[in-house]
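Predicted, not measured: the structure shown is a model, and the values here were computed from it.
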Amino acid sequence: MGFENPSREQIGDILASAGNIAVVGLSDKTDRTSYMVAGAMQSRGYRIIPVNPTVDGEILGEKCYHTLAEIPEPVDIVNVFRRSEYCAEVAQEAADIGARVLWLQQGIINQEAADIAAANGMTAIMDRCIKVEEAITMHGRSRA
């Protein structure tokens, strides 16, 4: 059986209960999709934790970490802006920090990453934009 994303209702539930969203591959360049999507999620009240090994300092006013393992607090969603060939490694890092959800952005699919997520009790979402899903599923809903 092939991979299936959670239903829209389940995605809405995930977003309604999400606190910290670690964004792997978040660029500090304001014209990049990752920056625009993370900024939009931040403006909707989500806590964004930037993860980028090449950036020291802050992105979107938040301390940037080089790896998921460096984040000193719990992470609910690991939102991934990396090419698919890097996603299995990110999935394992997400599992290692106890994240609840592995979210691969629109255009990114990696079955091995989904399998790692499933084996570690995480929900996997692939090929979906978190900003678009938030707009669709959270319309008229409040966050926990």
Engineer: Please tell me if the side chains of Q111 and F3 come closer than 4.5 Å, counting only heavy atoms from C-beta onward.
Structural biologist: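 With C-beta onward as the side chain, the pair touches.
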Engineer: Please find the pair of heavy atoms, one from L102 and one from A91, that lie closest to each other, and give the distance.
Structural biologist: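 Taking every non-hydrogen atom into account, CD2-CB, 3.5 Å.
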Engineer: Are any of the side-chain nitrogens in E70 or K63 under 4.0 Å away from the carboxylate oxygens of its partner?
Structural biologist: no
Engineer: Quick one: are R100 and T123 in side-chain contact, heavy atoms under 4.5 Å?
Structural biologist: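 Side chain of R100 against side chain of T123, heavy atoms only: no contact under 4.5 Å found.
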Engineer: Which heavy-atom pair separates A99 from V78 by the least distance, and what is that distance?
Structural biologist: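 In terms of heavy atoms, the two residues are closest at CB-CG2, 3.7 Å.
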Engineer: Indicate yes or no: at least one non-hydrogen side-chain atom of D76 is less than 4.5 angstrom from one of S17.
Structural biologist: no
Engineer: Do side-chain atoms of Q42 reach the backbone of L60 as a donor and acceptor pair under 3.5 angstrom?
Structural biologist: yes
Engineer: Between the side chains of E62 and R47, is the shortest nitrogen-to-carboxylate-oxygen separation below 4.0 Å, so that they form an ion pair?
Structural biologist: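 The answer is yes: the pair qualifies as a salt bridge.
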Engineer: Any side-chain heavy atom of V101 within less than 4.5 Å of one from I125?
Structural biologist: yes
Engineer: Can you find a heavy atom in the side chain of I108 that is under 4.5 Å from one in the side chain of C87?
Structural biologist: yes
Engineer: Is it true that the NZ or CZ of R82 lies under 6.0 Å from the centre of Y86's six-membered ring and within 45 degrees of the ring axis?
Structural biologist: yes
Engineer: Do you know which two heavy atoms are closest between I109 and S84, and how far apart they sit?
Structural biologist: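 Here I109 and S84 meet closest at O-CB, 3.3 Å.
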Engineer: Considering the options N52, V90, V51, V23, which one meets the side chain to side chain contact (heavy atoms under 4.5 Å, CB included) requirement together with F81?
Structural biologist: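 That would be V23; it is the only one of N52, V90, V51, V23 passing the side chain to side chain contact (heavy atoms under 4.5 Å, CB included) with F81.
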Engineer: Do I49 and I21 have side chains that get closer than 4.5 Å, going by heavy atoms?
Structural biologist: no
